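What follows is one structure encoded as structure tokens, with my remarks underneath.
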Amino acid sequence: MELDEIKRQIKHFFEEEFPNPEATLTFDTPILDEWFVDSFGIVNTTLFLEEKFGIEVSRADINAKNFRSIETLSQYVQLKRSD
């Protein structure tokens, strides 16, 4: 799966799961700071990534670096899929 398709699917997930009509979500939007993703949202996002992309997200990988934006999450998913 191409990186652009991963980004589109993650973006769609965030827009559906955590709607925020007052903001525009881009691939670089800081999702922990500017989009409503709290600890419950991180759990939901982790489950989505594992189910949708067939990867296993380790506890060590649930961090601000990987969950910074759709861009960083997509890169993480692509890396895990190539393992």
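Note that the coordinates shown come from a computational prediction; the quantities given were computed from them, not determined experimentally.
Between L3 and Q75, the shortest heavy-atom contact is CD1-N, 3.9 Å. Minimum interatomic distance between F67 and L32 (heavy atoms only, all atoms of both residues): O-CG, 3.6 Å. The shortest heavy-atom contact between T24 and T29 is O-OG1, 3.6 Å. In terms of heavy-atom proximity, Q9 sits nearest to F53 at OE1-CE2, 3.7 Å. Counting all heavy atoms, side chain and backbone alike, N66 lies closest to D61 at ND2-O, 2.8 Å. Scanning all heavy atoms of the two residues, the minimum distance from M1 to Q78 falls at O-NE2, 4.1 Å.
With contacts defined as side-chain heavy-atom distances shorter than 4.5 Å, the pair T72/K65 does not qualify. With contacts defined as side-chain heavy-atom distances shorter than 4.5 Å, the pair L73/T45 qualifies. Looking only at side-chain heavy atoms (C-beta outward), L25 and N20 stay at 4.5 Å or farther from each other.
Rounded to the nearest 0.5 Å, atoms OG (S69) and CD (E34) are 11.0 Å apart. Going from atom NZ of K11 over to atom CG of D4 covers 13.0 Å, rounded to the nearest 0.5 Å. Once rounded to the nearest 0.5 Å, the distance linking CG of N63 with CZ of R68 reads 9.0 Å. Separation of atoms CD1 (I10) and CZ (F27) is listed at 9.5 Å; rounding is to 0.5 Å. Atom CD1 of I55 sits about 9.5 Å away from atom CG of L79, to the nearest 0.5 Å. Between the NZ atom of K7 and the CD1 atom of I70 there is a distance of 9.5 Å, given to the nearest 0.5 Å.
Within the 3.5 Å criterion, the main-chain N or O of N44 finds no donor-acceptor partner in the side chain of E17.
Classification of the F13-F48 ring pair by plane angle, with boundaries at 30° and 60°, yields parallel.
By the 6.0 Å contact criterion, CD on E2 is open, its count of non-hydrogen atoms from other residues, nucleotides or ligands being 12 or less.
One hydrophobic cluster, built from ILVMFWY side chains closer than 4.5 Å, holds both F14 and I62.
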